[in-house]
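Inspection log for the structure reproduced underneath, given as structure tokens.
Hydrogens, waters and symmetry mates play no part in the numbers below; they use all other heavy atoms, side chains included. What you are looking at is a predicted structure, and each value in this text was computed from that prediction instead of being measured.
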Amino acid sequence: MYSDALMARFLEPSHAGDLDQPQGAAQAGNETCGDVVHLALKVVDGVIADARFRAQGCATAIASADAVCELVIGTSITAAQMLNAGNLSFALGGIPEDRMNCATIVLDALRIALERARAYPLPTSPA
Ligand code: FES
């Protein structure tokens with residue numbers, strides 16, 4: 001059912017954890033199962049220097065979060081915004097059709113985290 005690449009990331013993810021004071025962070029959930037993925041980004045001069053995730057989810061969600069972190073590290077915010085389900089599926093050696101929702105929640109979290117990173121630091125309101 002799962003590819004070797006997907007299972008390897010699920011069993012030994014390289015990017016699990018937290019970041020201290022990320023420029024962009026977001027959480028997204030799968031309404032069907034209640035699982036959640038949290039993604040955090042460290043951005044330096046418009047380039048994603050590091051990415052970490054925490055997930056309460058299935059093998060696909062965890063593997064997808066790990067793959068997304070790897071795919072965006074070293075890229076610009078603009079390039080990362082173009083990451084899609086097809087790119088993610090390719091990186092994982094395929095995602096079972098009935099698990100695509102588990103993968104796309106990671107992309108949902110990524111998009112929100114990128115928007116927040118692009119807006120960072122938030123403008124202060126005039127006194
Ligand atoms: Fe819940 Fe996959 S079954 S995220």
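The line from CZ of R9 to OG of S64 is 9.5 Å long, rounded to the nearest 0.5 Å. The CG atom of N30 lies 9.0 Å from the CZ atom of R99; values are rounded to the nearest 0.5 Å. With rounding to the nearest 0.5 angstrom, the CG atom of D45 is 12.5 Å from the OG atom of S76. For the atom pair CG of L114 and OH of Y120, the computed distance is 15.5 Å after rounding to the nearest 0.5 Å.
Here the closest heavy-atom approach between residue A80 and residue L110 is recorded as O-CD2, 3.8 Å. Residues D35 and I105 approach most closely at O-CD1, 4.4 Å, considering heavy atoms. Taking all atoms of both residues into account, the shortest heavy-atom contact from V106 to A61 is CG2-O, 3.8 Å. Nearest approach of A109 to A26, heavy atoms of both residues: O-CB, 3.4 Å. Minimum heavy-atom separation, V72 to I48: O-CB, 3.5 Å. In terms of heavy atoms, L41 sits closest to A51 at CD2-CB, 3.8 Å.
Looking at R54, its side chain never comes within 3.5 Å of a backbone N or O of D18 through a donor-acceptor pair. Checked by atom type and distance alone, the side chain of R116 pairs as donor or acceptor with a backbone atom of A25 at under 3.5 Å. At distances below 3.5 Å, not a single donor-acceptor pair connects side-chain atoms of D66 with backbone N or O atoms of A63.
Contact check for I62 versus F53: side-chain heavy atoms found under the 4.5 Å cut-off. Here the side chains of T60 and Y2 are in contact, with some heavy-atom distance below 4.5 Å. In this structure, V37 and Q27 have side chains that are not in contact, with every pair of non-hydrogen atoms separated by 4.5 Å or more. Looking at V47 and T75, their side chains never come closer than 4.5 Å, going by heavy atoms from C-beta outward. Looking only at side-chain heavy atoms (C-beta outward), M82 and N87 stay at 4.5 Å or farther from each other. Within the 4.5 Å cutoff, the side chain of H38 has no heavy atoms near those of the R52 side chain.
Linking ILVMFWY residues whenever their side-chain heavy atoms come closer than 4.5 Å, directly or via other members, places L6 and L11 in the same cluster. Cluster membership check: M7 shares its hydrophobic cluster with I95, using side-chain heavy-atom separations under 4.5 Å among Ile, Leu, Val, Met, Phe, Trp and Tyr. The hydrophobic clustering, which links ILVMFWY residues whose side-chain heavy atoms are closer than 4.5 Å, places M100 and L39 together.
Classification of K42 and D50 as a salt-bridged pair fails, no side-chain N sitting under 4.0 Å from a carboxylate O.
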task: For side-chain contact (heavy atoms from CB on, under 4.5 Å), just list the numbers for L107 and L88, CA-CA rounded to whole Å, side-chain angles, deciding distance to a tenth of an Å, and then say yes or no.
output: CA-CA 9 Å; L107 295 173; L88 184 53; 4.3 Å; yes
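The side chain to side chain contact (heavy atoms under 4.5 Å, CB included) check on A5 picks up S3, with sequence neighbours excluded.
When the shell of 6.0 Å around CG of D4 is examined, it contains 12 or fewer heavy atoms from other residues, nucleotides or ligands. Shown here is M1, whose CE atom has more than 12 heavy atoms of other residues, nucleotides or ligands within 6.0 Å.
A donor-acceptor pair shorter than 3.5 Å cannot be found between the side chains of Q23 and R118.
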